[in-house]
Q: 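Next up is a structure, given as structure tokens.
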Amino acid sequence: MEVGLDTLVALAKRRGFIFPGSELYGGLAGTWDYGPLGALLKHNIVRLWWQYCVWEREDMVALDSAILMNPRVWEASGHVETFTDPLVECEKCKGRFRADKLDDPTRCPECGGALGEPRAFHLMIEAKVGVLDDGSGKVFLRPETAQGIFVNFKNIVDTMHPKLPFGVAQVGRAFRNEISPRDFLFRAREFEQMEIEYFVRPDGWEAAFEVWLRTVRSFLERVGIDMERVVEEEIPPQERAHYSSRTVDFNFRYPFGLDELLGLAYRGDYDLRRHSEYSGVDLRYREPGVEPFFPHVIEPSFGLDRLVLAVLLSAYDEDEVGEGKRVVLRLKPEVAPYRVAVFPLLRNKPQLVQKAHEVFRELRAHHPSVVFDDNGNIGKRYRRQDEIGTPWCVTVDFQSLDDGTVTVRNRDTAEQDRVPIDELPEAVGLVGS
Ligand code: ATP
């Protein structure tokens, strides 16, 4: 079902997925903190991404570059000159908005007052390094992870000797001084990206682009995005960056409308050429028998926080089972914070608690994603585990002490089975995962 954003934000807070940033001090707009369960969910998405985009392939390498970079990087990339959004200000209430995101860029969406002329607002966040106060230490917090890959291109080629086509993948924080951070994780000022620069021969980009379209689709399915809510949009030439001959945005139907989830862009040889020019270092690729040349680039750029949001929206459901009405997150087991919860039927019966701990430890030996839960009664525990998306609940009861079986409850159907303890790891999908 399609849930409203307020309901999801409340669930995310109540259950320890996502908290407003610096809440204790009244918050800081555009920042969010991932709580114990959100951190696990996010980690699982990142892990699947590494697995799918790097470990299961032979043409990819990893990178983890610094957030702070020499400011010349951002001159070469074009960010200093052009990384701006059109800012408009309301003459009446002084509200500030991004003109290209308004239905009517002349009227204030909040008070109806007249909006002034748009002016270019720079999105990079500045910081200062070093001890001097003369401006020489001015740096930017990176607004994307991609440039870290381009400036390390030569280091990677010289050390790893990859053959074309090959890709470099990196996950990390990015910062943008968004004019109006909004819609929960969707538009934040600090967020995380998972980016790939895939280097190809100049005449090979079209075919590689098609393959990446398919790869992105199957990754989205694998993390549990509802593909019926995904709309691919071919960006028309006038809206693409000047160096790109093809860009496809993967849009998602959020509660606030259809908007970007991630982008797939062909960037030609723009970045390597510019960094060669600005640094004076030849970044052309060399192989025997041909003139050195700049490889061309295909860039799948995933926003991790938007993925978390889309995964939660896709998983949210409400239904009625034997135990009554409930909220359930139908997360894929691979991304759920916990795959299995283990309970003693009653917390005040030491034999049950001891046996439940034994079962818990045995399952943990197969996979770390197992939680022990003895809070409240069984009904409350099921409700809590449904709401955080745990696919299986295992209950140790008096019969377990007699015959070595436990009750296994399936999150999606709420059906219960009796399973011998030694068959548990297989029954709850912990074997071979
Ligand atoms: P938008 O048009 O929504 O501002 P963009 O086209 O500028 O996004 P890109 O520069 O292509 O975004 O960044 C790549 C990805 O990084 C986006 O698809 C998105 O998933 C993520 N991203 C960009 N800006 C933000 C933000 N402010 N908050 C969260 N994620 C973001």
Side-chain angles (χ1 to χ4, degrees), residues 5 18 20-21 28-34 38 42 45-46 49 53 74 77-79 82-87 97-102 120-125 140-150 169-197 212-213 216 219-220 223 225 229-236 239-244 246-254 256-267 270-271 297-313:
L5 199 59
I18 294 143
L28 178 69
T31 64
W32 296 93
D33 293 339
Y34 285 77
K42 184 158 114 170
I45 293 175
V46 174
W49 188 84
C53 295
W74 306 110
S77 68
H79 281 80
T82 61
F83 197 54
T84 59
D85 276 339
L87 167 72
F97 309 95
R98 200 171 135 179
D100 60 329
K101 296 283 174 188
L102 297 177
F121 177 77
H122 210 273
L123 293 178
M124 281 202 289
I125 296 182
F140 298 105
L141 302 186
R142 68 179 174 199
E144 61 174 35
T145 57
Q147 296 305 321
I149 299 179
F150 294 122
Q170 125 149 293
V171 177
R173 299 266 167 174
F175 303 82
R176 297 184 186 180
N177 197 11
E178 295 284 356
I179 292 171
S180 35
R182 62 170 177 91
D183 298 321
F184 196 27
L185 304 173
F186 178 79
R187 190 171 298 290
R189 290 188 171 135
E190 173 176 348
F191 54 98
E192 239 170 309
Q193 293 184 316
M194 305 192 290
E195 293 196 297
I196 292 167
E197 305 304 324
W212 273 107
L213 279 173
V216 169
F219 174 75
L220 293 180
V223 288
I225 299 291
R229 292 171 75 166
V230 174
V231 179
E232 291 173 31
E233 180 190 2
E234 286 280 350
I235 303 300
E239 289 173 33
R240 288 196 297 254
H242 62 90
Y243 47 77
S244 175
R246 190 172 182 200
T247 299
V248 172
D249 279 354
F250 283 74
N251 294 322
F252 183 81
R253 203 168 61 245
Y254 301 96
F256 44 86
L258 194 67
D259 217 325
E260 184 171 328
L261 174 60
L262 68 105
L264 179 64
Y266 166 59
R267 301 177 66 97
Y270 173 78
D271 303 272
V297 169
I298 304 205
E299 179 190 74
S301 176
F302 297 79
L304 177 51
D305 310 81
R306 288 190 191 176
L307 262 182
V308 169
L309 176 58
V311 163
L312 287 172
L313 288 167

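Just follow the structure's listing: the first ligand is 1, and inside any ligand the first atom is 1. These values consider heavy atoms only, across backbone and side chains, with no hydrogens, waters or symmetry-generated copies.
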Q: How would you list, by chain and number, every residue that makes a side chain to side chain contact (heavy atoms under 4.5 Å, CB included) with Thr84, sequence neighbours excluded?
A: Ala120, His122
Q: Can you name the nearest heavy-atom pair linking Gly30 to Ala188, along with the distance?
A: O-CB, 3.3 Å
Q: Hey, is ligand 1 close enough to Phe186 that some N/O pair sits below 3.5 Å?
A: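 Yes; the residue has a nitrogen or oxygen that sits under 3.5 Å from a nitrogen or oxygen of the ligand.
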Q: Heavy atom under 4.0 Å from ligand 1: found in Arg189's side chain, backbone, both, or neither?
A: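 Neither; nothing of Arg189 gets under 4.0 Å from ligand 1.
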Q: May I ask you to check whether Trp32 and Phe184 place their ring centers less than 6.0 Å from one another?
A: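 Yes, ring centres under 6.0 Å apart.
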Q: Should Leu261 be counted as touching ligand 1, given the test is an N or O pair under 3.5 Å?
A: yes
Q: For the residue pair Tyr243 and Asp271, confirm or rule out a side-chain donor-acceptor distance under 3.5 Å.
A: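 No.
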Q: So, regarding Glu195 and ligand 1 (criterion: nitrogen or oxygen to nitrogen or oxygen, under 3.5 Å), is there a contact or not?
A: no
Q: At under 4.0 Å between heavy atoms, is it the side chain or the backbone of Leu307 that contacts ligand 1, or both, or neither?
A: neither
Q: For a quick test of reading the model, state the closest non-hydrogen atom pair linking Thr145 to Gly172 and the distance between them.
A: CG2-O, 3.6 Å
Q: Could you check atom 21 (C) of ligand 1 against the protein and tell me its nearest heavy-atom contact, residue, atom and distance included?
A: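 For atom 21 (C) of ligand 1, the nearest protein heavy atom is Gly303 CA, 3.7 Å.
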Q: Do Trp74 and Arg142 come within less than 4.5 Å of each other through their side chains, counting heavy atoms only?
A: yes
Q: Hey, is ligand 1 close enough to Asp305 that some N/O pair sits below 3.5 Å?
A: no
Q: State, yes or no, whether a side-chain contact exists between Phe219 and Leu307 at a heavy-atom distance under 4.5 Å.
A: yes
Q: With atoms numbered from 1 as shown, which atoms in ligand 1 lie under 4.0 angstrom from a non-hydrogen atom of Arg98?
A: 2 (O), 4 (O)
Q: Consider every N or O of Glu178 and every N or O of ligand 1, then say whether any pair is closer than 3.5 Å.
A: yes
Q: Is it the case that ligand 1 has an N or O less than 3.5 angstrom from some N or O of Ala188?
A: yes
Q: For the pair Tyr254 and Phe256, name the ring-plane relationship: parallel under 30°, tilted 30 to 60°, perpendicular over 60°.
A: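 Parallel, since the angle between the ring planes stays under 30°.
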Q: Using heavy atoms and a threshold below 4.0 Å, how should the contact between Arg176 and ligand 1 be classified: side chain, backbone, both, or neither?
A: side chain
Q: Could you check if a side-chain atom of Ile18 sits within less than 4.5 angstrom of a side-chain atom of Asp33, using non-hydrogen atoms only?
A: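 No; the side chains remain at least 4.5 Å from each other.
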Q: Tell me which protein heavy atom sits closest to atom 18 (O) of ligand 1, plus the residue, atom name and distance to 0.1 Å.
A: Glu260 OE2, 2.6 Å
Q: Output the list of atoms in ligand 1 that are nearer than 4.0 Å to some heavy atom of Leu185, sorted by atom number.
A: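 Selected atoms, number and element: 29 (C).
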Q: Which ligand 1 atoms does Leu262 reach within 4.0 Å, using its non-hydrogen atoms?
A: 18 (O)
